[in-house]
Amino acid sequence: MPTYDLIVIGTGPGGYVCAVRAAQLGMKVAVIEKNPTLGGTCLNVGCMPSKALLHASEMFEEAGHSFAKMGVSVSGPKLDLPAMMKFKQEGIDGNVKGVDFLMKKNKIDVVRGVGRILGTGKVQVTGTDGKAQTLETKNIVIATGSDIARLKGIEIDEKRIVSSTGALSLEKVPQKLLVIGAGVIGLELGSVWRRLGAEVTVVEFLDRILPGMDGEIARQFQRILEKQGFAFKLGSKVTGVEASGKKLAAKVEPAAGGAAESIEAEVVLVCIGRVPYTEGLGLKEAGVAMDNRGRVQIDAHFATTVKGVYAIGDAVAGPMLAHKAEDEGVAVAEILAGQAGHVNYDVIPGVVYTTPEVASVGKTEEELKQAGVAYTVGKFPFTANGRSKVNQTTDGFVKVLADAKNDRVLGVHIIGREAGEMIHEAAVLMEFGGAAEDLARTCHAHPTRSEAIKEAALAVGKRAIHM
Ligand code: FAD
Ligand code: NAI
């Protein structure tokens, strides 16, 4: 008899949540983790530290720029970067301890070391002392996550040329920060360092920021970020970075080719996406197939090409988001328990935690056009929302996209303060197949920013009240 019902390799949000759900369902579970702390990218070098720094740097900027106009007089705030980093670390520690607690509470064995799949039902774990042990299990879930994508010829030293990991722990505020990639990491961490005093230039290969998000939202968001001080070089690529003394010089060329220019920086942040992490897992030898982008190939039930081996999270296809990984973890545990675990990939919210935030769920206008779906649009700006007006935080708008035939909501996109909290009423509505009319007829508390969602839904039927 195998010792375990399930071994999960990796303890990020995909892995640890899968383990907890499996334990709840009565399975004997072990997790394998190669890092000294549990929680994966998300808790250690991703979601959590970035959100701590976004919060702290936002407070710093507010204290310096917004307090006075509300009649709150503070003398010019001073940055204590080591204290801010300590605040970040305390947040990480608290969350990581929380995962340790969940493992104990659910009687999940935590095995430290690098996991390697030897075939159906067998996982080898090599500890830091180099000693290997083989564990036996009925099922294996690969939840090994992702790693930073690298740019050829640009060596990341995590001091001056950094990935997100180095950018979360800079020892001083760079005078000039060059960001390669106008995706989520570039805009979030660019915001952190801009607020703390860096001049931020973002070089993006495409002719727009935030590819994948609704185009109109991305255009307006870019204008907002430019007003905040971001400089963008779109349709451009960095072909090399040279160091001379304390300065770095990045060679930037038009994406389509042409004359290069040199942009000076103290720190360069490379954030051009992430790649699945499957190193040392022994997938090839075990016969686990991968797709052409190095992701573990799975079927609709998370099963790989090897019996009893499943995969979830950043290591498989789909958006590289913690909540997507978590939901897949729950679904696969339920499938293993004979239940009907399922993830609705049409309703996975995405949030950029800048100020204002950008939040989105469902289809973009571009996707609907491409699919040939007839749709109606309702929009409502925060400049016309009472609560936003009194708080003087009126940047952004809500956009509701509904099916022209039956009014069903197909997508909701928001730029605005707290957009990341507001998006969930749209997500719930969409899970229930709701219509714009349902949103519009739902009583919303006044005065709230969420009233802008109701108004945008009313605007689908051309009957917004406050516009
Ligand atoms: P991971 O969290 O990457 O965890 C994988 C774990 O597996 C790691 O602990 C690793 O050490 C371990 N592992 C790998 N191989 C082995 C092995 N062979 N043996 C043992 N252990 C192994 N997503 C959001 O939804 N919201 C955010 O705000 C957000 N912010 C982010 C900010 C940054 C800077 C970054 C980099 C990412 C952010 N993400 C965010 C993305 C999010 O972190 C990932 O989508 C999420 O962590 C994926 O979860 P996972 O469980 O698949 O993998
Ligand atoms: P990303 O995929 O969001 O953005 C990468 C950007 O780099 C794209 O705009 C792309 O066009 C551009 N790019 C690619 N190659 C380039 C090149 N050679 N030169 C210039 N630009 C180039 O990836 P990012 O920002 O690295 O984030 C990685 C993952 O982490 C994302 O998939 C995201 O989902 C996740 N994440 C999520 C967060 C959130 O949910 N708030 C926060 C941070 C990360």
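Order of appearance sets the numbers: ligands from 1, and atoms from 1 within every ligand.
- Of the listed residues (G212, C47, P349, G273), the one carrying the non-hydrogen atom nearest atom 2 (O) of ligand 2 is G273.
- Not a single heavy atom of P319 sits less than 4.0 Å from an atom of ligand 2.
- At under 3.5 Å, a nitrogen or oxygen of I185, whether backbone or side chain, sits near a nitrogen or oxygen of ligand 2.
- With hydrogens left out, the protein atom closest to atom 29 (C) of ligand 1 is C47 SG, 3.3 Å, a heavy atom.
- At a heavy-atom distance under 4.0 Å, only side-chain atoms of R274, from C-beta outward, approach ligand 1.
- Applying the 4.0 Å criterion to heavy atoms of I180 picks out, from ligand 2, the atoms 19 (N), 20 (C).
- In terms of N/O distances under 3.5 Å, ligand 2 is not approached by V238.
- Across Q124, E279, E33, M320, heavy-atom proximity to atom 11 (O) of ligand 1 is greatest for E33.
- For ligand 2, the polar-atom distance check finds no N/O of L151 at less than 3.5 Å from any of the ligand's N/O atoms.
- Ligand 2 places these atoms under 4.0 Å from at least one heavy atom of V351: 39 (C), 40 (O), 41 (N).
- Taking any N or O of E188, backbone or side chain, at least one lies under 3.5 Å from an N or O belonging to ligand 2.
- The residue R116 has no part lying near ligand 1, judged by heavy-atom distances below 4.0 Å.
- Scanning the protein for heavy atoms near atom 2 (O) of ligand 1, the closest one is T41 N, 3.0 Å.
- Contacts between V351 and ligand 1, counted as non-hydrogen atom pairs separated by less than 4.0 Å, are absent for every part of the residue.
- In terms of protein heavy-atom proximity, atom 8 (C) of ligand 2 is closest to E204 OE1, 3.4 Å.
- The nearest protein atom to atom 32 (C) of ligand 1, hydrogens excluded, is given as G46 C, 3.3 Å; this is a heavy-atom distance.
- For atom 46 (C) of ligand 1, the nearest non-hydrogen atom from the set G113, A325, P13 belongs to P13.
- Under a 4.0 Å heavy-atom criterion, A315 is not in contact with ligand 1.
- Residue I185 touches ligand 1 through its side chain alone, judged by heavy-atom distances below 4.0 Å.
- Counting only heavy atoms of the protein, atom 36 (N) of ligand 2 lies nearest to V184 CB, 4.2 Å.
- The heavy atom nearest to atom 15 (N) of ligand 2, considering only I272, I209, T354, is found in I272.
- The shortest N or O to N or O distance between L321 and ligand 2 is not below 3.5 Å.
- The cationic group of R195 does not satisfy the cation-pi geometry with F60, failing either the under 6.0 Å distance to the six-membered ring centre or the 45° limit from the ring axis.
- Nearest to atom 29 (C) of ligand 2 by heavy atom, out of E357, R274, K51, is R274.
- For ligand 2, the polar-atom distance check against F205 finds a nitrogen or oxygen pair separated by under 3.5 Å.
- Residue-level proximity to ligand 1 for S50 is carried by the side chain, the only part with a heavy atom below 4.0 angstrom.
- Below 3.5 Å of separation, one finds no N or O of S236 facing any N or O of ligand 2.
- The shortest separation from a heavy atom of K324 to ligand 1 is not under 4.0 Å, leaving the residue out of contact.
- Ligand 1 lies nowhere less than 4.0 angstrom from a heavy atom belonging to V125.
- Looking from atom 28 (O) of ligand 1 to the surrounding protein, the closest heavy atom is K51 NZ, 2.7 Å.
- Close approach of ligand 1 to H323 (heavy-atom distance below 4.0 Å) involves ligand atoms 25 (O).
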